[in-house]
Amino acid sequence: MQIFKLTFALIGLGILLILSTFAIPEWISPFQTKGIEADLLWNYRIPKTITALIAGASLSVSGFILQQLYRNNLAGPYILGVSSGASLAVAILIIGSHYFPFLNHGIGISLAGFIGASTVLLLVMLVSSRFGTGAVILLFGVIIGQITGALQGLLNYMAAPGDLKNFTLWSMGSFSQVIEFDLVFFGTSVILGIFWAYLIMPQLSTMLLGEEVSYTLGVNTKSISIQLLICTGILSGIATAFCGPIAFIGMAIPNVSRLLIKTVNFRFMILVNAILGAAMALVSDIISSADLLSFNIPINVCTALIGGPFIIYILLKKK
Amino acid sequence: MTMNPVLNIVNLSIGQDSPIVDSINGVAFKHDLIVLTGENGSGKSTLLKTIAGINKAISGELIISGDPITNLSQKQRSAKIAFASTYRIKEDFIKIEDVVRFGQYPYSHLSETQAIDDGVEKAIEIMGIDKIRNKYLNQVSDGEWQKANIARVLAQKTDLILMDEPTAFLDYPSRMRLYRDLKQICLTQNKTIVVSTHDIDSVKEFASIYWHIDQGKLKILQESPSWRI
């Protein structure tokens, strides 16, 4: 039954991949080898589709880890302020790039994203160890988001006009800025991050019994929590560095996955989350580039319109 | 041959920085069901968690089946001491059977998967939860959840079982059933169980040893402590 659902999800993902690559906004044949259409296909659409695939998988897996670690179904990299932390670090890097130009490339930006994300994750961990993992950490995340937003606003005044436009577009979320080496680097880091998380999922699942019981089952709960935070830092930090802070995928998809598949096999859940996260990112990308309006709708507008109502449904269903 | 005690507590002091309870001495043998009583905040949970290895002792010694606990790794302890906390999970994606399966985690690196599965099946049979094994935790009562919890510690195959207030959310008949189950398990499965509780009335029939914490000291009694609740 689970395998059947997984196969179904994979077929859906395949259809979305084809739509996003070849069909939207207009059909380009995959056999086109010359001319402007081939150029568009190979240098724009294919990298964009792959970026969406990787970013969606990475955000939803990090959302799943955060929700399980903090036993809070509304947690996610965006609401906990992790994406904002990554954004601020990347903004400092981009806008300060006159002073340290040697860092202004894919790896430098990823590193900044990772550091920004991990810093906030560390703060969230400290807050949760004192005040619990309920509404407090969500509020804390929202406030972190506000503070980093304010700091970014200040940075905008110092930015060169060209940088400012790039930065503003980036902060609305975009899958179309990652090409060539950056794309390979992005893909490799996310695959490694997901694989690392995959390895320690059995330990995380024992924490369903509470951290103390998990410890008496022989799980080094401290080490596992820290490893998971590093994984989340890599996954959400680098995804934010390359695609901007993208909302709702990391929060909504783990809930969708739990609705569809009920299991304590968290390794399987990681795969489900990766597939569904990629699918949601592709759907957002398709809506974004489908030429519904006279301009490309920003990715964050799409993810919010799809994910927002779903989260409200989850919230209301609980009571 | 003299029998080694399963649990031997020697001059133990417990607490965070300053001791809540000190100079604790106590011995528990196979087939003992020990009832740990005391007021809220007297240190019942802290004592159980210290024996389980979750909290560090301030001073003194804990000897588990002849081995000082400090000589055992966390992994080795997990095959000797099982602990059930007051934490109650109600997730709608966890089945009763999954809870029991978690008990086999300390053995999950072994290749004899058949033997491990047998342990889970046996635990399910002992607790009589075969009929509800596929129910999700949000569909079961607190009594059924505690049965699964006990089956989980049985699947962990330890000599010593520690349970922190398992009857806290149960009604009177369920409490009686739970204590009867624990007594049965002690005798038929050769276990030693230390269970903390406030509930002296329903445990009376099944217990013969009481460890009562009062004003920072542990007293060992042969009958239920005359103690105001």
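Chain naming here is simple, since letters A, B, ... match the order of the sequence lines and numbering starts at 1 in each. Only a predicted model underlies this, so the values are computations on that prediction, with no experimental measurement involved.
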Using a strict cut-off of less than 4.0 Å between a Lys/Arg side-chain nitrogen and an Asp/Glu carboxylate oxygen, indicate whether E211(A) and K222(A) qualify as a salt bridge. no
Could you tell me whether D98(B) and K95(B) have a side-chain N and a carboxylate O separated by less than 4.0 Å? no
Aromatic rings F195(A) and Y198(A): how do their planes relate, parallel, tilted or perpendicular, breaks at 30° and 60°? parallel
Measuring heavy-atom distances to chain A, does [X] have an atom under 4.5 Å in its side chain, in its backbone, in both, or in neither?
{"X": "D92(B)", "result": "both"}
{"X": "I54(B)", "result": "both"}
{"X": "Q74(B)", "result": "both"}
{"X": "R88(B)", "result": "neither"}

Taking T263(A), L209(A), N265(A), T221(A) one by one, which has the highest count of heavy-atom pairs under 4.5 Å against chain B? L209(A)
Against chain B, label N220(A) side chain, backbone, both or neither, depending on which of its atoms sit under 4.5 Å from a heavy atom there. both
Does some side-chain heavy atom of L182(B) sit less than 4.5 Å from a side-chain heavy atom of V195(B)? yes
Winner by heavy-atom pair count (cut-off under 4.5 Å) against chain A, out of R101(B), E91(B), R152(B), Q76(B): R152(B)
Look at the side chain of N255(A) and the backbone N and O of M251(A), then say whether any donor-acceptor pair between them is shorter than 3.5 Å. yes
Minimum heavy-atom distance I51(B)-I81(B), with the two atoms named: O-CD1, 3.5 Å
